[in-house]
Novice: 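What follows is a single structure, and I will ask about it in a moment.
Each chain gets a letter, A, B and so on, in the order its sequence line appears, and its residues count up from 1. These numbers come from the heavy atoms of this one structure, side chains and all, not from hydrogens, waters or symmetry mates. Owing to the predicted nature of the structure, the values given are computational and were not obtained by experimental measurement.
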Number of protein chains: 2
Amino acid sequence: MRSYGQFCAVAKALDVIGDRWTLLIVRELLLAGPSRYTDLRSGLPGIATNLLADRLRQLEAAGLLAREEAPPPVASTLFSLTPRGEQLRGVLDALGAWGVEYMAEGPAPGDAFRGRWLAWPVERFLRDSQPDGQPVSLELQTGEAPLLVEAGGGEITARPGPGTEPDVVLSGEPYPILGLLSGRIGLAEARRRGVRLQGDAAVLARLAPAAA
Amino acid sequence: MRSYGQFCAVAKALDVIGDRWTLLIVRELLLAGPSRYTDLRSGLPGIATNLLADRLRQLEAAGLLAREEAPPPVASTLFSLTPRGEQLRGVLDALGAWGVEYMAEGPAPGDAFRGRWLAWPVERFLRDSQPDGQPVSLELQTGEAPLLVEAGGGEITARPGPGTEPDVVLSGEPYPILGLLSGRIGLAEARRRGVRLQGDAAVLARLAPAAA
DNA sequence: CCGCATCCGGGGCGATACTG
DNA sequence: CAGTATCGCCCCGGATGCGG
């Protein structure tokens, strides 16, 4: 991108990661770890393939991304963040915390969705209401890939992949599931909106809205 | 800007503030407070005037910015951030903290500079090495408007405006001044690069590089 | 199938000029 | 002082092609 030409920390940062799609590519790599080109594409619905290739080159040139050739029989290229790229987590956290407010409005018509995108709302909007209780786990099935949420010791973490014997499994549309988790709607209302629940519903009480 | 069309907190945030120049306008309003159109322009060297007008309209429509008509005899329009706009401080902090690394490389040829842009490097890169000592103040004269830096109680703050009887005044080019404050170069080297110092040089010892 | 390159239309952006 | 008007250009989006 064209430089702002300003000797300022914020402007210098935007010189590097201010291009369209760039931070969303970093988001995918932070959420999913080392990824193939095709997987990045599926995690970035709407991106043009030439733009993705361009951005990957720019990120590599800037030292934020490394490209490793996986050995046969995998025979695939893996893109991963360098330590410098990982340091963008703080920026993405701040952006996600600020943008999560717009999630409460629900998805716009035609909005795409991937299960792992719930990671920020879950970690940012919720807290563990019983820090001294036994750790509990939830599996969220909102798309292709499930998200595993764990609450314990006052902390809430979210990461991709199915859980081994989660205490409760929620499946359905992301918006009502997010509403249920955040307490904006109750279980009955969530069910009416197509959310299905398997397991121990009492586990949901462990998740409480975090103080703003 | 065109929406990313993704039901994701980060993407929704970028839908609102991802446009070119937008975050730099927020930077100016955070650093300088309510500002006139002309002052914003001078704080954003390189921006086209139609773009500034466009962005101000977008920010107003998004509820991040308010426009107040100052009464006569001032007879001027003031642009200020709404509370929602102020909440972007966390995003700018994260961006500045990440981008400050590029400041160590020095300004690119032709880079513009404004004194208040040093606020982030100073607050992020430095700490008060003697929290129990008397508060001290420094005035940095690097451009048109001076920056006032205060160290006391372990905290370092930076804000625009000249100080009343600062303990030390530094004037010169921003890069060597930044190097002097961060300890990358010594006082002798800084003087050789044109930095002039008035007052008590011992005060500089209060500022130490913050742990990375 | 994976990881792109190429082509082309539209719009955001940049610079300058101008105005109430 | 606070913008509007205009005009190129280049970035972006969408489609298609293509070698490994």
Novice: Do the rings of B:Phe7 and A:Phe113 sit parallel, tilted or perpendicular, given the 30° and 60° boundaries?
Specialist: tilted
Novice: Quick one: on DNA chain C, does B:Gly46 or A:Arg67 contact a more 5' nucleotide (nearest heavy atom)?
Specialist: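 It is A:Arg67 whose nearest nucleotide is closer to the 5' end.
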Novice: Out of C:dC2, C:dA15, C:dG12, which nucleotide sits closest to the side chain of B:Asp19?
Specialist: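 Among C:dC2, C:dA15, C:dG12, the one nearest the side chain of B:Asp19 is C:dG12.
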Novice: Tell me whether B:Arg67 at atom CZ has more than 12 heavy atoms from other residues, nucleotides or ligands lying less than 6.0 Å away.
Specialist: yes
Novice: In whole Å, what is the span from the CG atom of B:Leu40 to the P atom of D:dG3?
Specialist: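 To the nearest whole Å, that distance equals 10 Å.
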Novice: Sub-3.5 Å donor-acceptor pair from the side chain of B:Tyr175 to the main-chain atoms of B:Ala104, do we have one?
Specialist: yes
Novice: Any idea which of C:dC2, D:dC1, C:dA15 is nearest the A:Arg2 side chain?
Specialist: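 So the nucleotide nearest the side chain must be C:dA15.
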Novice: Decide, yes or no, whether a salt bridge links B:Glu105 with A:Lys12 under the criterion of side-chain N to carboxylate O below 4.0 Å.
Specialist: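 Salt bridge flag = no for A:Lys12 with B:Glu105.
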Novice: Nearest to the side chain of A:Trp21, which nucleotide is it out of D:dG13, C:dC4, C:dG14?
Specialist: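 In terms of side-chain proximity for A:Trp21, the closest of D:dG13, C:dC4, C:dG14 is D:dG13.
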Novice: How close or far is atom P of C:dG3 from atom CG of A:Leu78, stated in whole angstroms?
Specialist: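 My rounded result for the distance is 8 Å.
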Novice: How many Å lie between CD1 on A:Ile47 and P on D:dC12, as a whole number?
Specialist: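 Whole-Å distance recorded here is 10 Å.
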Novice: Atom CD1 of B:Ile25 to atom C1' of D:dG3: distance rounded to whole Å?
Specialist: 14 Å
Novice: What's the CD-C1' distance between A:Glu69 and C:dC4, to the nearest Å?
Specialist: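 From A:Glu69 CD to C:dC4 C1': 13 Å.
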Novice: What's the CZ-P distance between A:Arg41 and C:dC1, to the nearest Å?
Specialist: 13 Å
Novice: If each of A:Thr38 and B:Arg20 is mapped to the nucleotide of DNA chain C with the nearest heavy atom, which maps nearer the 5' terminus, i.e. the 5' end?
Specialist: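 Going by which nucleotide is closer to the 5' end, it is A:Thr38.
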Novice: Considering residues, nucleotides and ligands other than A:Glu189, do more than 12 of their heavy atoms fall under 6.0 Å from its CD?
Specialist: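 Count over threshold, so yes.
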Novice: Take atom OH of B:Tyr4 and atom P of C:dG12, then tell me their distance rounded to the nearest Å.
Specialist: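 Whole-Å distance recorded here is 14 Å.
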Novice: Using a 6.0 Å distance limit plus a 45 degree cone around the ring axis, check whether B:Arg41 lies over the aromatic ring of B:Phe79.
Specialist: no
Novice: Using heavy atoms and a sub-4.0 Å distance, could you list which residues of residues 48-61 of chain B are near DNA chain D? By number, please.
Specialist: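 B:Thr49, B:Asn50, B:Ala53, B:Arg57, in order of number.
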Novice: Which residue, B:Leu181, B:Val169, B:Leu197, forms the side-chain contact (heavy atoms from CB on, under 4.5 Å) with B:Leu138?
Specialist: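 Among B:Leu181, B:Val169, B:Leu197, the one that satisfies the side-chain contact (heavy atoms from CB on, under 4.5 Å) with B:Leu138 is B:Leu181.
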Novice: What is the distance, to the nearest angstrom, from the OH atom on A:Tyr37 to the P atom on D:dC18?
Specialist: 17 Å
